[in-house]
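Here is how names work: the chains are called A, B, and so on, in the same order as the sequence lines, proteins then strands, and each is numbered from 1. A quick note: this is a predicted structure, and the numbers were derived from the prediction, not measured. All values below come from the heavy atoms of this structure, side chains included, with hydrogens, waters and symmetry mates left out.
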There are 4 protein chains.
Amino acid sequence: MRRIQIAVIGYNKDRCTDEARKAAYEVGSEIARAGAVLVCGGLGGVMEEACRGAKDNNGLTVGIIPEDDFSYANKYCDIIVCSTIGFARDFIVAGSADGIIAVGGGVGTLTEMTVGYMMKKPMVAVKGSGGTADEYGGRYLDERKRVEIMTAASPKEAVRMILERIKENAGLGHDNLPDTA
Amino acid sequence: MRRIQIAVIGYNKDRCTDEARKAAYEVGSEIARAGAVLVCGGLGGVMEEACRGAKDNNGLTVGIIPEDDFSYANKYCDIIVCSTIGFARDFIVAGSADGIIAVGGGVGTLTEMTVGYMMKKPMVAVKGSGGTADEYGGRYLDERKRVEIMTAASPKEAVRMILERIKENAGLGHDNLPDTA
Amino acid sequence: MRRIQIAVIGYNKDRCTDEARKAAYEVGSEIARAGAVLVCGGLGGVMEEACRGAKDNNGLTVGIIPEDDFSYANKYCDIIVCSTIGFARDFIVAGSADGIIAVGGGVGTLTEMTVGYMMKKPMVAVKGSGGTADEYGGRYLDERKRVEIMTAASPKEAVRMILERIKENAGLGHDNLPDTA
Amino acid sequence: MRRIQIAVIGYNKDRCTDEARKAAYEVGSEIARAGAVLVCGGLGGVMEEACRGAKDNNGLTVGIIPEDDFSYANKYCDIIVCSTIGFARDFIVAGSADGIIAVGGGVGTLTEMTVGYMMKKPMVAVKGSGGTADEYGGRYLDERKRVEIMTAASPKEAVRMILERIKENAGLGHDNLPDTA
């Protein structure tokens, strides 16, 4: 019954660039057009722009914030999850994703990537979006080579790639992935 | 932009009674009819029946589960939040609610009530639903008397009461409650 | 190799009474004299007095605080665990105890009791210490009757009772309880 | 009153090398000789060897484990913190350190490094210990350059460097660092 949930991770407000903002908006738009649910950390920068893109395309957005007060979430979140556990909520963002798309980002984005990697989530970095996405696209995060962080040439490509990989996993009987027929 | 989020707490599958199941279904139905989002712990018993009631009435449901694997959630969850933090997720369920409705319940329900009480969330217990709801309806959870756990005569009344209290709080400028006009 | 770990839960600074403070100091002293480790939430009131009592008797004290900054802990903590996850740390305090002693307390103490109850930890409430301890001593927290919250006539008695119960559990092969010979 | 707390992070049992094991034992030994408390994730591999080294030198060891059951901790932990929150406990390990030493390690070690970096904890990687330590020694984890991960030529040097940096921070009035006179 549930739909595919895609997490968008990246810069918060303080370090976000115009390029990353633009890419995030496009990623959010494409996620919505694909009928998937957008999951994110619920704050500013990439998170806000991705949510805005999704809302402009009739998508559904979930913001999982560190705080215990709804007012910290950006205004494009349909559902606000007040985790109350601070930045350990990065585990929940990654854990609640069928796949993860990175747009720019600093160390918090890297935290989320490490969690996604540990959980073997499909991950795609948008090329040219800066920061963590550009640094880690095409790489593994340790010697185990659990899952490669793929690189996409554009936001549209990123969403296409992540959906493809998620559907492959579903075909392989991973987890209880939603029916993607 | 967001809608009111109401948490439904109560028995898990192992102890749920027919009365609690029926009440939970009604509570979920009423929440959906009111246009609010249903938040819960995502598992069985009261959680599942509340979600089912909401889905039968075109509602939106969020299940915040202890595990890191979507498959633990009941099938009536639209959004699944895999908290990965075990039963400490009770803090997230209560923290993500504008108001809380209790239907029956054991000690886990009491944990959620204590968190809601600490955060001064409006709470209503459905009379006659058994367990924690009947035990704590009409009471305060400590000497501070932060917020009384109200008692409702029926599921319908419970949803009406919680919405009324949430709207009062909005009028008082609490948090960033959604526009309830 | 590890020693028995006993959690002391109860009033924080804002509501603590002189009676509870005195009882907490005695509980901490007895825990130290018994050679057990004192675990607590690391803040003021009962937590601070219990730590002070333990330190005055050459004990070892662990404070598990909600914050990410050592400075929030009381000065009688030997080990400070900065949980960074807010009050969800109540799960860690209860989870890290072989047994739990309650002295007075408000709703946060009740949260910890519910977690201890769910995990079937031996628990003792000190009679006459007020609040949650007096309210719940002698009771079960739900219909499952997982573990009774015992009542002790004095701090000394509370420590004696909890050690006895912990040793019984060890004899029954529960968990990996430390050698108590 | 508390002593300096140094976290040792690195390989778990499944990937640990002999070199890393040896380095970890030395790091733990040096931490104990310096009179500091050793904090770690409480499991096998580097964590276990560091604890063993500390115990062989009369040190004090704290293991913060993901699980809710003491039996998962290695037998050289004096204090076991059962976090109950799964691998989100990486936030607690990093958060509970005045400084962090990395020995080898995979993606979980990187998670802990990202948290330490975000919190501006002094961090040192032991050169030649493999994995994450060798990969990230001498680097910053994002464009903010919050804190450099220093590189030490040996375990002994690592402990010397981390203590020096911690004491510098104390001189600068950071947090409530223990008296290091």
Side-chain angles (χ1 to χ4, degrees), chain C residues 1-5 7 36-39 42 48 51-52 54-55 60-86 88-98 115-116 118-121 166 169-170 173-179, chain D residues 1-5 7 36-39 42 48 51-52 54-55 60-86 88-98 115-116 118-121 166 169-170 173-179:
Chain C
M1 173 159 280
R2 76 178 183 90
R3 290 188 270 159
I4 287 176
Q5 298 181 184
V37 174
L38 186 154
V39 171
E48 184 163 6
C51 286
R52 195 167 69 86
K55 292 314 299 170
L60 184 62
T61 58
V62 180
I64 303 172
I65 60 174
E67 296 87 0
D68 60 2
D69 181 329
F70 294 97
S71 65
Y72 287 90
N74 75 61
K75 65 184 173 187
Y76 304 104
C77 294
D78 291 313
I79 309 285
I80 301 174
V81 175
C82 298
S83 76
T84 83
I85 62 165
R89 77 76 154 84
D90 290 350
F91 274 76
I92 312 181
V93 172
S96 300
D98 292 303
V115 176
M118 198 155 45
M119 299 181 181
K120 285 198 179 178
K121 305 282 188 182
I166 291 170
N169 284 350
H174 283 212
D175 206 351
N176 75 329
L177 277 163
D179 186 3
Chain D
M1 171 159 280
R2 75 178 182 90
R3 291 189 269 159
I4 287 176
Q5 298 181 184
V37 174
L38 187 154
V39 172
E48 182 162 7
C51 286
R52 194 169 67 87
K55 292 314 301 170
L60 185 61
T61 59
V62 180
I64 303 172
I65 61 172
E67 296 87 359
D68 60 2
D69 182 329
F70 293 97
S71 66
Y72 288 89
N74 74 61
K75 64 184 174 188
Y76 305 104
C77 294
D78 291 314
I79 308 284
I80 301 174
V81 175
C82 297
S83 76
T84 82
I85 63 166
R89 76 81 154 79
D90 290 350
F91 273 78
I92 311 182
V93 172
S96 301
D98 292 303
V115 176
M118 198 155 47
M119 296 182 181
K120 286 196 179 179
K121 305 282 187 182
I166 291 169
N169 284 349
H174 283 210
D175 207 346
N176 73 331
L177 279 163
D179 186 2

If you tally heavy-atom pairs under 4.5 Å between each of D/I65, D/D78, D/V115 and chain C, the highest tally belongs to D/D78
Interatomic spacing from CG in C/D69 to CE in D/M119 - rounded to 0.5 Å: 10.0 Å
For D/L60, which atoms come within 4.5 Å of any heavy atom of chain C: side chain, backbone, both, or neither? side chain
Between C/I85 and chain D, which part of the residue has a heavy atom less than 4.5 Å away: side chain, backbone, both or neither? side chain
Considering residues at least two apart in sequence or located in another chain, which fulfil the side-chain contact (heavy atoms from CB on, under 4.5 Å) criterion with D/V62? C/I79, D/V37, D/V39, D/I64, D/I79, D/V81
If contact means a heavy atom pair closer than 4.5 Å, which residues of residues 89-96 of chain D contact chain C? D/F91, D/I92, D/G95, D/S96
Is chain D contacted by the side chain of C/A97, its backbone, both, or neither, given a heavy-atom distance below 4.5 Å? backbone
